[in-house]
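Report on the following structure.
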Amino acid sequence: MLVNSSVDEVKRREAALRVIKSTIKEKGRNGLYDLTGLSGGFPLVEGDIRLLETYAGSAIFEDAIQVVGRIHLGGDKILALNRTSSGILAAILALVKEGDEIVHYLPKHPAHPSIPRSAELVGASYREFDDINDFEVGENTSLVFITGSTMDHEIIDKNDFLKVIKISKSRNVPVFVDDASGARLRTVIYKQPRAMDMGADMAITSTDKLMDGPRGGLMAGKADIMDLVKSKAQQFGLEAQSPLVAGMVRAFENFSPEKILEALSKKHEVCNALKKDIKSVKETPTGVMLSSNDLKLELENRGITTRFSALDLSDTLAMLFLRKQNIITIPAVGMPGASPTIRIDLASQDAGRIGVDLIVDMFKETFSEFESIAADEKVCRAVLYA
Ligand SMILES: *Cc1c(COP(=O)(O)O)cnc(C)c1O
């Protein structure tokens with residue numbers, strides 16, 4: 001196998017960052033096409049930088065984030081965090097103790113790894129459901145999670161969401177919605193209400209997913225519960241510092257759903273063009289994707305047999321996209337445990353810059369090159385780690 005551990009994933013990511021650095025050096029930032037849909041933008045305005053001090057910045061931007069955060073997420077109180085994962089950890093530290101249980105409903109497995117990992121850290125048991133008919137809250141359940149939109153952008157059904165809320169309320173267990181991309185995908189594309197307006201006690205979103213903010217987590221919730229979570233977050237250094245909060249504030253001020261809606265209208269075209277060659281390509285709410293399992297099947301259907309796992313194959317294909325076309329997708333640059341799905345997000349800034357036809361051509365070209373190397377361990381290793 002090619003990718004056997006979290007350490008291998010870190011090495012793959014380091015190799016990807018080396019390629020990105022040399023591309024920027026040779027061709028400048030415009031030589032690179034970040035199609036992950038994770039923007040990491042930092043749209044500060046004149047005068048912000050002078051305020052990015054520990055206390056002056058906190059006073060100004062923590063106040064401002066309360067206003068824009070409540071508009072985006074609802075709820076009484078807002079907390080900005082280093083990442084969505086940090087907010088998930090803070091909530092679990094605050095509300096779950098050893099021996100408790102966490103249950104999680106999501107439209108499709110797998111969950112983001114930060115939820116089961118944080119459960120394990122506090123010594124809680126963890127159960128995950130992706131069939132609403134199986135969902136239940138146990139005797140020892142102290143926190144319920146709902147994922148609004150999965151890492152692969154599977155969107156929860158609104159009635160299932162409401163059913164989980166109802167069951168959890170009847171047992172007096174608080175509900176925390178992981179709405180990392182869902183806070184925008186569910187509301188803009190699927191016209192669902194905000195999580196807090198559907199009865200959640202807390203919700204969190206990633207400020208760089210489908211919006212042009214820095215990587216960070218923005219959490220909203222009911223006042224009493226947020227006081228507990230905020231205190232834990234600050235005890236363990238999980239809260240965002242003022243430079244990050246400033247970037248978030250400006251990104252929310254700029255947010256408009258238009259780019260997401262434009263991507264929605266272009267994705268059919270891209271998907272249909274790709275499907276002629278690569279049958280397993282599927283649509284996402286704002287683009288196209290090829291899951292690692294579908295990639296493995298696609299190769300098998302073409303008579304290419306390898307000993308490699310689905311993860312090996314998707315990481316290799318992602319690294320090939322990067323090396324050959326300077327296209328960044330998550331399986332090349334993701335942290336250990338990130339989704340191995342190759343996803344092209346048409347709502348990303350760079351997708352607008354290259355245009356639909358070129359994206360299709362680059363995808364097909366890279367895929368056919370991948371086919372020719374997919375059985376060759378030595379070549380695949382070099383693509384992954386060199
Ligand atoms: C991206 C994502 C996260 C984690 O966000 P980070 O900012 O990387 O911590 C958690 N849950 C879901 C569903 C996600 O898509």
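Order of listing sets the numbers, starting from 1, for every ligand and every atom in it. Predicted, not measured: the structure shown is a model, and the values here were computed from it.
- Of the possible donor and acceptor atoms, one in the side chain of Thr284 sits under 3.5 Å from a partner among the backbone N and O of Gly287.
- Annotation: ring pair (Phe, Tyr, Trp, His ring centres under 6.0 Å) contacts of Phe236 (sequence neighbours excluded): none.
- No close placement of the Phe161 and Tyr105 rings is indicated, their centers lying 6.0 Å or farther apart.
- In this structure the side chain of Val144 reaches within 4.5 angstrom of the side chain of Val164, judged on heavy atoms.
- Atom NZ of Lys267 and atom CD1 of Ile344 lie 14.5 Å apart (nearest 0.5 Å).
- Near ligand 1, Arg83, Thr84, Ser85, His112, Ser149, Met151, Asp178, Ala180, Ser206, Lys209, Arg215 each place a heavy atom less than 4.0 angstrom from the ligand.
- Between His72 and Phe255, a ring centre-to-centre spacing shorter than 6.0 Å is recorded.
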